[in-house]
Amino acid sequence: MRPLIDKPARTSDGRGLTYEQAVEGVTAAMYSKALWPVAITGIAELKAGKGDTLLKLRDTYHARRADGGYPNSLEATMAINCLDEERHTPKQETALNRAWFKAAPFTDPGRPFKEARDGCERWPVKPTLGYPYATDIKGLPDTLTVSVTGDPATPHEGGINLAKALGGSLLTVEGEQHGALLAGNACVNDAVAAYLIDLKSPADGARCKL
């Protein structure tokens, strides 16, 4: 993918595929195991200088419409994060980027940088949540966290930590995808229905498998 930094791959619609878009295309495919073969096809195409498959994955990920427009989900996410999260110093942000590239080498452009800056650095409103989040909340009812072991976007470790922070229940789901509530899995559906309808939390150590 790194050659795309200087020269985008050609696509049938003439838009071309940039380096960032190629990374986003592979990232999108990691959300579901069913899309892994599509990503492999896209990477194989890229070796031949074609970027159609990865661009389609990327466009689907961002909900690109037929007219070329997009919803405002990226802008909304930015606004929400900037209001929620404490700002990183340049030193912290640089360390975070380096850790990111080490954990996911395919996202590393291979070009050194001296300093990274927090994208919310100049956001005009101060963050409101502080850190750590959601601690010592009075009167919070038992809260169910559903976490997939092989989730590429929200790692299982984060699900475990969230359940502990909330003092709630955890349903561990063995699988390789992002999220489990819409997977059509009977085990997950039954546990979540029992929680929402009957106010019954799963037992400690509860597990399902996709």
Side-chain angles (χ1 to χ4, degrees), residues 1-2 4-6 8 15-31 54-141 143-148 151-168 177-179 181-182:
M1 294 184 180
R2 288 178 177 173
L4 300 180
I5 296 174
D6 297 314
R15 291 162 55 205
L17 176 75
T18 66
Y19 172 79
E20 290 80 7
Q21 290 170 337
V23 171
E24 288 178 332
V26 173
T27 301
M30 295 174 73
Y31 273 53
L54 289 183
L55 185 61
K56 185 176 181 180
L57 282 169
R58 179 263 177 197
D59 286 349
T60 301
Y61 185 57
H62 288 297
R64 187 177 191 269
R65 298 188 294 267
D67 64 1
Y70 295 86
N72 69 345
S73 54
L74 287 179
E75 290 84 356
T77 298
M78 185 74 174
I80 293 166
N81 287 344
C82 288
L83 188 61
D84 285 351
E85 298 179 357
E86 295 288 340
R87 309 288 184 258
H88 286 156
T89 64
K91 184 178 180 179
Q92 289 172 321
E93 190 71 12
T94 300
L96 178 63
N97 275 265
R98 287 175 176 160
W100 176 353
F101 293 156
K102 184 177 180 180
F106 82 97
T107 65
D108 184 354
R111 298 189 175 187
F113 60 89
K114 294 182 179 180
E115 183 179 87
R117 307 299 287 262
D118 192 313
C120 299
E121 183 178 23
R122 296 190 180 277
W123 195 259
V125 182
K126 292 182 178 180
T128 57
L129 282 186
Y131 187 85
Y133 310 127
T135 58
D136 302 320
I137 298 176
K138 305 299 181 183
L140 184 69
T143 304
L144 174 62
T145 299
V146 181
S147 181
V148 182
D151 191 323
T154 51
H156 183 50
E157 182 181 0
I160 295 173
N161 292 339
L162 177 62
K164 288 180 179 178
L166 295 173
Q177 66 180 44
H178 178 51
L181 297 186
L182 302 179

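Everything quoted here is computed from the prediction, not taken from an experiment.
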Original post:
Within the side chain of T154, is there an N or O that forms a donor-acceptor pair under 3.5 Å with the backbone of P152?
Top reply: no
**OP:** Could you pull out the closest heavy-atom pair between G159 and S147, with the gap in Å?
**Re:** CA-OG, 3.7 Å
**OP:** Over all heavy atoms of both residues, which pair between Y61 and E24 is shortest? Give the atoms and the distance, please.
**Re:** CD2-O, 4.3 Å
Subject >> P90 to R117 - nearest heavy-atom pair and separation >> reply: CG-NE, 3.5 Å
Subject >> Interatomic spacing from OG in S73 to CD1 in I80 - rounded to 0.5 Å >> reply: 10.0 Å
Subject >> Heavy-atom neighbours of Q92 CD exceed 12 at 6.0 Å >> reply: yes
Original post:
How many angstroms lie between CH2 in W123 and CE in M78, if you round to the nearest 0.5 Å?
Top reply: 6.5 Å
**OP:** Not counting sequence neighbours, list each pair that qualifies as a salt bridge (charged side-chain N to carboxylate O under 4.0 Å, His left out) and has a residue in residues 60-69.
**Re:** R65-D67
Original post:
Restricting to pairs with a member in residues 158-167, which pass salt bridge (charged side-chain N to carboxylate O under 4.0 Å, His left out), not counting sequence neighbours?
Top reply: none
Subject >> Heavy-atom check, side chain of H88 versus side chain of C120, under 4.5 Å >> reply: no
**OP:** Rounded to the nearest 0.5 Å, what's the gap from OG1 on T18 to CE on M1? Could you check?
**Re:** 10.5 Å
Original post:
Can you tell me if Y19 uses its side chain to pair, donor with acceptor, with the backbone of D6 under 3.5 Å?
Top reply: no
**OP:** Measure from the side-chain N and O atoms of D151 to the backbone N and O of H156, and report whether any donor-acceptor pair falls under 3.5 Å.
**Re:** no
Subject >> Contact summary for T27 and F106, nearest pair of heavy atoms >> reply: OG1-CZ, 3.7 Å
**OP:** Would you name the heavy atoms of E85 and P127 that are closest together and state the gap between them?
**Re:** O-CB, 3.2 Å
Original post:
Hey, which of V23, D59, V26 is the one that makes side chain to side chain contact (heavy atoms under 4.5 Å, CB included) with L54?
Top reply: V26
Original post:
Rounded to the nearest 0.5 Å, how far does NZ of K102 lie from CG of D108?
Top reply: 12.5 Å
Original post:
Taking all non-hydrogen atoms of both residues, which atom of E93 and which atom of A116 are closest, and how far apart?
Top reply: CB-O, 3.6 Å
Subject >> CD on E86 to CG on D118, rounded to 0.5 Å >> reply: 10.5 Å
Original post:
In Å, rounded to the nearest 0.5 Å, how long is the span from CG of N72 to OG1 of T77?
Top reply: 9.0 Å
